[in-house]
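Reading through the structure tokens given below for one structure.
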Amino acid sequence: MATLQASSFLTSYWYCRRGTITAKINIPKIHNNKISLPMLIQKSGIISEHEHLITSNPIEELLSPSRILLSDANVDGPDDHLVIEKLYAIKEAVADRVEMHRNIGEQRSQWNSMLLTSINGITLAAATMAGIAAASSGDAVLGLKTSSTFMYLAAAGMLTIINKIQPSQLAEEQRNATRLFQDLHNQIETTLSIGHPSAIDVKEATDKVLSLDKAYPLPLLGVMLEKFPSSVEPAVWWPQPQRRRQPKREVDEKENNWNGWNGQLEEEMKEIMGVLGRKDQEEYIRLGEKALRLNKFLAKSGPLITGLAAVGSAFAGPSSHGSWAAMLGIVGGALASVVNTVEHGGQVGMVFEMYRSNAGFFQYMKESIESNLTETETERRENGEVFELKVALKLGRSLSDLRNLAAASSLNIPLEKEQMTILQSSSFLSSWNSVPSASSNYSCRRGLIRANANIPRIKISKISLPILDQSVQKQQELISYSTITNNNLVEKQLSPATTRSHMVNGPDRLVIEKLYAIKEAVADRVEMHRNIGEQRSQWNTMLLTSINGITLAAATMVGIAASSGDSVLGLKMSSTLMYLAATGMLAIINTIQPSQLAEEQRNATRLFQDLHNQIETTLSIGHPSAIDVKEAMDRVLALDKAYPLPLLGVMLEKFPSSVEPAVWWPQQRRRQTKRASDNENNWNGWNGKQEEEMKEIMGILGRKDQEEYIRLGEKALKLNKFLAMSGPLLTGLAAVGSAFAGQSPHGSWAAMLGIVGGALASLVNTVEHGGQVGMVFEMYRSNAGFFRYMQESIESNLTETDKERRENGEVFEMKVALKLGRSLSDLRNLAAAASSLKEEHLDEFASKLF
């Protein structure tokens, strides 16, 4: 093969500094016969981007660390180098903030859980002691009264402190800060990957960090956010929008002289901004005001009732006044434990902060849209198509759904569910042209790359340039310059990951920007579902502990009342009250199933993280097209539908009539473009034997793995239904028994019902919520969905007759083996065993993981 002697006939120069990159190749005439330069003119940008490699300068100059850094970052000059260093410094600080807020959030969540459990235990023990003191006589009474009073006073003091700082609200603030700092970290990564960073990016990133620091402070005192404000205002964590002062983006007039904007898109954004203000933000402010009023009432009631109970227990005695004091001491303790459970076990402070943060999110969306619309020069705005995609993703809607809502709003059509927060199913996106442009103008984020190649007629006999062919036809493959040098370091530095920003043009660059926008939205959903999973897991833990404590204390009080006579009215009333409160709370949490809710969010976190990794892979080794954007968008919306965030309305059915596998993927569709296949393998890694192997694996997945998990899911569902009905029923019967407990024949049976019913109810609650039966059911349903997904993935490849449209066979086989926890040989042996044995004789499952 002929070797290019670049130093003898190629010369080049290039320049870039926030403006125009110009690259010229001057090639003298060479007369010979027959040369083939396939698509060289169309892809001249590829040559011009790397022509500085093909010079007479020593290769050591190229491989210097400073030159590699500047080349990878798409920069030129010390100023750009300094900008990138500053952005990396901000990125490191933001990553540290993420870990800092995550750690402090865990601390404050632990405070809420442990202090609630301890204070409720102290309060219930004090109430029980007051009851025993009222029903007893002797020297021990004074000790019981003193201990009860002391514990009540301690509980009142601790309640005053934790009701002031609201640990559940503090933990939610830190979870929000963690998510928002992680989102900022992803934005900086995107700027470094596909942008042309400038000093403006550094300033904006710094302003965002400082705004987040102000919005979510770490200290408990001094700068702590107001927990009980006079009015509900949306949370604000972003700096004041300012007009960007950098030069306008140079846009190719032939392609798009409006930077992706048009009159229809502007009107659409105006309508969306109006809906956000008059529907979503207003709704969450209204809900926040309700949560705030409830939290204020509970925060004042808890210490007050506990203090009154302390006074009552101090004056409890056999006299007439002492009996009323004893009743106050006993009933006050019971009421205080119920109030504390609702406030801190129900995390009312967290709910208020969540509503305030959601209202802030819609305020942020309004200001983002407004800042783009008020900028009269469209070249200074964010690209219109990318911005529309970001808005749709943040609101959990498809592009067509977003446009339909804007159209309905402009026509004043009443919508039953107009709010933007509804996560709807995916729909087809508009298709973008993914054909690489023949133009040699490469648009940068701040300017334009211009690459001009002047190539006269060349005649050389039988020269092939396979390296250039591969660079033109397959940008996803490693760009090899082995004809220039054998230095492997050059090949490593010129991998697609480091040259991606150099090789995009026109629609290709827009596709990459959209994929990065989807990637950022997916990363944000990962944090969102992780945070909400933590909230719901805390609900399950704290409510179970508190309700069990209340139930057992009520059972103890009934026993004391039954053995002391009808005169101990306070014990009976307290026991009845606590049973009724436990019944109401159990009816609620058995309906929403917090452990199952938490498992849903854990599954969503994992699946969104998996989608994030897939998008990263596409950006790193693939050649992204509009099809990739559409598929990624569909997957996001399918996951949004499969794992909704709201508790009510769109919450998944917790007690379905039958067990169906969870489905979190869009319907498999045939790709519209063929994969570029290697001439050496026109079967795209597939053969007849492999197809038979996949058919057998698909059969095992259906008749063994999926069927088994559906069977287990049905058992878990039946058990959960039984426990969910038994808990409130037993607690309610115990409440009736405690109300009629006494020494009469009927009263003794009632007392037994009150005592035994409370004990059984605590056991049922422990099995249901402590054992997380709802979580187990969701896990089985999710595993069955995983095997359904594997079946559909295999089937979608096998039913595609054009093998070039399939995923590469060898890669697909490896993915199937890894997802099932098997080696390739183990997978093939299982398929061979399945084909030779009858169905009833095959005992082995396909998966070794689940």
Side-chain angles (χ1 to χ4, degrees), residues 425-436 469-470 472-477 511 610-611 614-615 617-618 621-635 638 661 663-706 785-820 822 824-825 827-836 839 846-847:
S425 60
S426 58
S427 61
F428 290 100
L429 306 179
S430 300
S431 58
W432 297 275
N433 180 17
S434 61
V435 180
D469 287 342
Q470 294 172 11
V472 171
Q473 296 174 3
K474 289 186 176 182
Q475 292 185 7
Q476 70 270 26
E477 294 182 2
V511 162
D610 184 55
L611 176 57
Q614 291 175 18
I615 295 174
T617 301
T618 301
I621 67 172
H623 184 76
S625 67
I627 299 297
D628 296 301
V629 174
K630 179 182 177 302
E631 288 183 350
M633 185 79 171
D634 286 348
R635 289 178 183 178
V663 177
W664 60 82
W665 59 93
Q667 184 179 358
Q668 300 285 349
R669 300 185 184 95
R670 180 177 179 180
R671 292 181 64 91
Q672 300 300 313
T673 57
K674 290 186 178 183
R675 297 170 52 92
S677 63
D678 192 343
N679 291 332
E680 295 180 359
N681 181 9
N682 58 357
W683 290 93
N684 194 22
W686 288 88
N687 54 57
K689 182 178 180 181
Q690 191 178 55
E691 288 184 346
E692 291 300 322
E693 172 193 337
M694 289 296 110
K695 288 178 182 178
E696 294 297 337
I697 296 300
M698 185 171 63
I700 299 173
L701 288 170
R703 67 178 182 263
K704 296 290 291 185
D705 300 76
Q706 182 178 323
F786 166 76
F787 296 119
R788 170 72 65 83
Y789 170 71
M790 292 296 299
Q791 283 183 277
E792 291 191 11
S793 298
I794 296 172
E795 186 178 15
S796 66
N797 274 277
L798 294 180
T799 54
E800 175 56 71
T801 56
D802 189 347
K803 294 182 174 58
E804 292 182 358
R805 296 183 189 272
R806 299 180 183 178
E807 189 172 356
N808 181 275
E810 294 183 22
V811 176
F812 183 73
E813 183 185 27
M814 184 181 70
K815 284 183 179 180
V816 171
L818 287 171
K819 285 183 179 293
L820 298 178
R822 291 177 174 271
L824 288 174
S825 60
L827 189 73
R828 292 163 187 162
N829 292 337
L830 178 65
S835 63
S836 61
E839 178 178 340
S847 175

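For the atom pair CG of L824 and CG of L818, the computed distance is 7.5 Å after rounding to the nearest 0.5 Å. In this structure, the separation between NE2 on H623 and CD1 on I621 is 14.0 Å, given to the nearest 0.5 Å. Here the OG atom belonging to S625 is positioned 8.0 Å from the CD atom belonging to E631, to the nearest 0.5 angstrom. Within the model, atoms CD1 of I794 and CD of E693 stand 9.0 Å from one another, a figure rounded to the nearest 0.5 Å. L701 CG to Y789 OH: the interatomic distance, rounded to the nearest 0.5 Å, is 13.0 Å. Distance CD1/I700 to OG/S847: 11.5 Å, rounded to 0.5 Å.
Summarising the geometry of A632 relative to L611, their closest heavy-atom pair is O-CD2, 4.4 Å, with the distance given to 0.1 Å. Nearest approach of G702 to Q791, heavy atoms of both residues: CA-NE2, 3.5 Å. Closest non-hydrogen pair, N808 versus E810, comes out as OD1-N, 3.1 Å. Minimum interatomic distance between M694 and F812 (heavy atoms only, all atoms of both residues): SD-CE2, 3.9 Å. For the pair A638 and P666, the tightest heavy-atom approach, listed with the atom from each and the gap, is CB-N, 3.6 Å.
For the pair D705 and L820, the minimum side-chain heavy-atom distance is 4.5 Å or more. Side-chain contact between F787 and K704 is absent, with no heavy-atom pair separated by less than 4.5 Å. Side-chain atoms of D628 and V511, non-hydrogen and from C-beta on, never get closer than 4.5 Å to each other. R822 places a side-chain heavy atom less than 4.5 Å from the side chain of L830. Between W686 and L798 the shortest side-chain heavy-atom distance falls below 4.5 Å.
Put simply, the side chain of W664 never gets that close to the backbone of R635: no donor and acceptor are under 3.5 Å apart. Judged by distance alone, the side chain of E813 and the main-chain N or O of Q690 form no donor-acceptor pair under 3.5 Å. Listed for the N684 side chain is a donor-acceptor partner under 3.5 Å among the backbone atoms of R806.
For the pairing with N797, the side-chain contact (heavy atoms from CB on, under 4.5 Å) check across E807, E691, E792, K803 returns one residue only, E807.
The residues E692 and K689 are annotated as not salt-bridged, no charged nitrogen and carboxylate oxygen being separated by less than 4.0 angstrom.
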